[in-house]
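Input: a single structure, listed below in structure tokens.
Just so it is clear, the model here is predicted, and its values are computed rather than measured.
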Amino acid sequence: MRAIRVSTLGAPGDYKASLLPAICRGLGYKIQWVRPNQCDLLIIGPFANLSKKRLAWCPKPIRPYFLGLSDSLASFCNSRKETPLTLFHTGENTRNDFQSCDYAISFDLGISKPNHFRMPYWMEMVDWSEEGVSGNQNPRFGRLLNLNRLMSPLGEDFLGRPQKAAIFASHLREPRRTLLAAVKNNIEIVEFGRSFDPLIKNHTESGLIKYDELQHFAFNLCPENGMFPGYYTEKVPEAFIAGCLPITWADENIKVDFNPKAFINLAPMSGSHFSELAEILHSKQILASYAAQPLLFQRPTLEPLKNYLKNIIQTALS
């Protein structure tokens with residue numbers, strides 16, 4: 001097994017247990033996690049701030065790696081062989097165009113550049129063991145997403161559940177507060193998370209397993225944190241896996257990833273002050289039509305991403 005030295009900057013704290021490292025291992029590479037000035041591949045995460053004024057924490061000998069990256073690295077090193085390859089990878093609603101990186105992996109739709117690969121965050125949470133990839137985790141939900149379940153309808157179990165909703169939220173910034181009120185005006189909704197319980201410090205210390213809690217509800221209000229073409233997280237498929245009808249807030253391009261007839265999207269209802277919602281939530285016929293729909297029409301695969309990462313690794317080691 002060939003080794004590759006990898007470092008991160010601005011990546012989530014649990015990045016080492018995420019999908020990309022798992023894929024690298026599945027490709028036959030052993031990852032050695034090292035400091036930025038020792039790496040073959042430098043992964044820039046969504047929380048990186050590469051401005052010069054914010055690098056007081058960074059030892060002076062390695063500051064050139066983070067000051068503009070490409071230009072600074074070029075002046076710091078005399079050849080490409082000494083310069084780490086850079087990959088911008090985000091699971092947040094941030095763009096890669098402000099970073100000077102060799103490659104990028106993001107949510108964004110419509111980017112045709114050969115050094116960009118689109119991977120929506122919900123795919124991070126899928127059980128890919130059938131494709132030889134394991135090690136990614138989803139502790140807050142309690143399990144990984146099963147593709148066979150996502151390709152099957154909600155079915156009769158959903159229709160027999162108590163007709164109430166759950167929401168898990170760490171903040172109520174708009175439009176989340178408005179969406180919560182809209183659903184509350186029509187059905188009972190039970191609130192979980194730091195927004196409603198100040199004793200909860202964060203997701204990982206909440207003591208809640210989302211999958212288990214959702215077994216008692218027919219609906220899950222799960223709006224995205226922001227709206228941008230391609231930004232679709234684990235929220236909708238987690239609700240579906242748990243047997244709930246997802247109630248989300250996302251732009252119309254969500255149909256690229258998910259069957260729009262398998263969930264309720266509040267975004268198009270905003271102009272009418274959600275007047276359609278009451279009929280949807282209280283009509284057995286309409287709910288039955290949702291229950292008959294799978295969330296995924298086609299089974300996704302990791303093969304394109306594997307090939308993309310294989311090329312990055314081979315370039316980094318060349």
Side-chain angles (χ1 to χ4, degrees), residues 12 14 91-93 121-122 124-125 137-145 154 157-227 231-251 254 258 262-270 272-284 286-287 290-291 295:
D14 59 353
E92 301 292 332
N93 190 16
Y121 185 68
W122 65 269
E124 286 265 2
M125 305 304 179
Q137 303 174 8
N138 192 6
R140 287 186 290 180
F141 185 61
R143 61 189 63 197
L144 294 171
L145 304 177
L154 281 179
D157 177 68
F158 156 71
L159 296 173
R161 290 189 176 194
Q163 299 297 290
K164 57 183 181 179
I167 181 175
F168 294 78
S170 58
H171 70 82
L172 289 178
R173 293 189 294 272
E174 290 292 354
R176 189 172 289 187
R177 188 180 297 275
T178 295
L179 302 177
L180 176 58
V183 176
K184 269 187 175 181
N185 287 338
N186 292 283
I187 58 173
E188 178 186 353
I189 184 163
V190 179
E191 301 160 337
F192 298 92
R194 191 171 56 183
S195 290
F196 316 105
D197 184 355
L199 297 179
I200 294 178
K201 295 181 180 179
N202 52 54
H203 291 301
T204 57
E205 298 180 37
S206 68
L208 299 171
I209 300 297
K210 190 176 178 182
Y211 177 88
D212 295 341
E213 300 295 341
L214 286 176
Q215 299 308 301
H216 310 292
F217 301 91
F219 307 96
N220 178 201
L221 176 58
C222 50
E224 295 293 355
N225 290 320
M227 189 178 290
Y231 178 62
Y232 318 120
T233 67
E234 77 287 358
K235 294 178 176 60
V236 166
E238 282 185 351
F240 196 91
I241 286 285
C244 297
L245 180 62
I247 305 176
T248 191
W249 179 78
D251 82 290
I254 193 172
F258 304 129
F263 58 89
I264 299 171
N265 191 358
L266 296 175
M269 305 181 195
S270 300
S272 63
H273 299 283
F274 313 102
S275 60
E276 310 98 313
L277 188 56
E279 180 183 4
I280 293 173
L281 294 177
H282 296 291
S283 169
K284 292 183 179 180
I286 294 176
L287 293 178
Y290 281 109
L295 188 63

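Across all their heavy atoms, A250 and A267 have their closest contact at O-CB, 3.3 Å. Residues A278 and N186 approach most closely at CB-OD1, 3.0 Å, considering heavy atoms. When all heavy atoms of A262 and Y290 are compared, the pair lying nearest together is C-CD2, 4.1 Å. Residues Y231 and G226 approach most closely at CD2-O, 3.2 Å, considering heavy atoms. Closest non-hydrogen pair, A166 versus F192, comes out as CB-CE1, 4.0 Å.
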TODO: Applying side chain to side chain contact (heavy atoms under 4.5 Å, CB included), run through L221 and L266 and close with a yes or a no.
DONE: CA-CA 10 Å; L221 176 58; L266 296 175; 4.1 Å; yes
- [ ] Take F196 and L172 through the side chain to side chain contact (heavy atoms under 4.5 Å, CB included) test and state the conclusion after the steps.
- [x] CA-CA 9 Å; F196 316 105; L172 289 178; 3.8 Å; yes
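Considering only heavy atoms from C-beta on, F258 stays 4.5 Å or farther from F240 through its side chain. The shortest side-chain heavy-atom distance between L179 and F274 falls under the 4.5 Å cut-off. Contact check for I280 versus M269: side-chain heavy atoms found under the 4.5 Å cut-off. Residues Q163 and I187 fail the side-chain proximity criterion, which asks for heavy atoms closer than 4.5 Å. Here the side chains of E224 and N93 are not in contact, with every heavy-atom distance at 4.5 Å or above. Contact check for L281 versus I264: side-chain heavy atoms found under the 4.5 Å cut-off. Using a 4.5 Å heavy-atom threshold, the side chains of I254 and W249 count as separate. Looking at R140 and F168, their side chains never come closer than 4.5 Å, going by heavy atoms from C-beta outward.
For K164, there are no salt bridge (Lys or Arg N to Asp or Glu O under 4.0 Å) partners at least two apart in sequence or on another chain. For Y211, the ring-ring contact (aromatic ring centres under 6.0 Å, His included) partners two or more places apart in sequence, or in a different chain, are F141. Take K210 and apply the salt bridge (Lys or Arg N to Asp or Glu O under 4.0 Å) test, not counting sequence neighbours, and it matches E238. The salt bridge (Lys or Arg N to Asp or Glu O under 4.0 Å) test applied to R161 returns D157, not counting sequence neighbours. Scanning for ring-ring contact (aromatic ring centres under 6.0 Å, His included) contacts around F158 gives F219, with sequence neighbours left out. Evaluation of the salt bridge (Lys or Arg N to Asp or Glu O under 4.0 Å) rule for D212 yields no partner, not counting sequence neighbours.
No side-chain donor-acceptor contact under 3.5 Å links T248 to the backbone of N265. Of the possible donor and acceptor atoms, none in the side chain of N220 sits under 3.5 Å from a partner among the backbone N and O of P246.
Considering CZ of F263 and CG of L245, their distance stands at 10.0 Å, rounded to 0.5 Å. Taken to the nearest 0.5 Å, the CD1 atom of I209 stands 11.5 Å off from the CG atom of L214. Once rounded to the nearest 0.5 Å, the distance linking CG of L295 with CG of L145 reads 9.5 Å. Rounding to the nearest 0.5 Å gives a distance of 9.5 Å between CD of E92 and OG1 of T233.
Counted by atom type alone, E174 and T178 present one or more donor-acceptor pairs between their side chains at under 3.5 Å. Looking at R176 and N225, their side chains do bring a donor and an acceptor atom within 3.5 Å of each other. Judged by distance alone, the side chains of E191 and S195 never bring a donor and an acceptor atom under 3.5 Å apart.
The number of heavy atoms from other shown groups lying within 6.0 Å of NE2 (H273) does not exceed 12.
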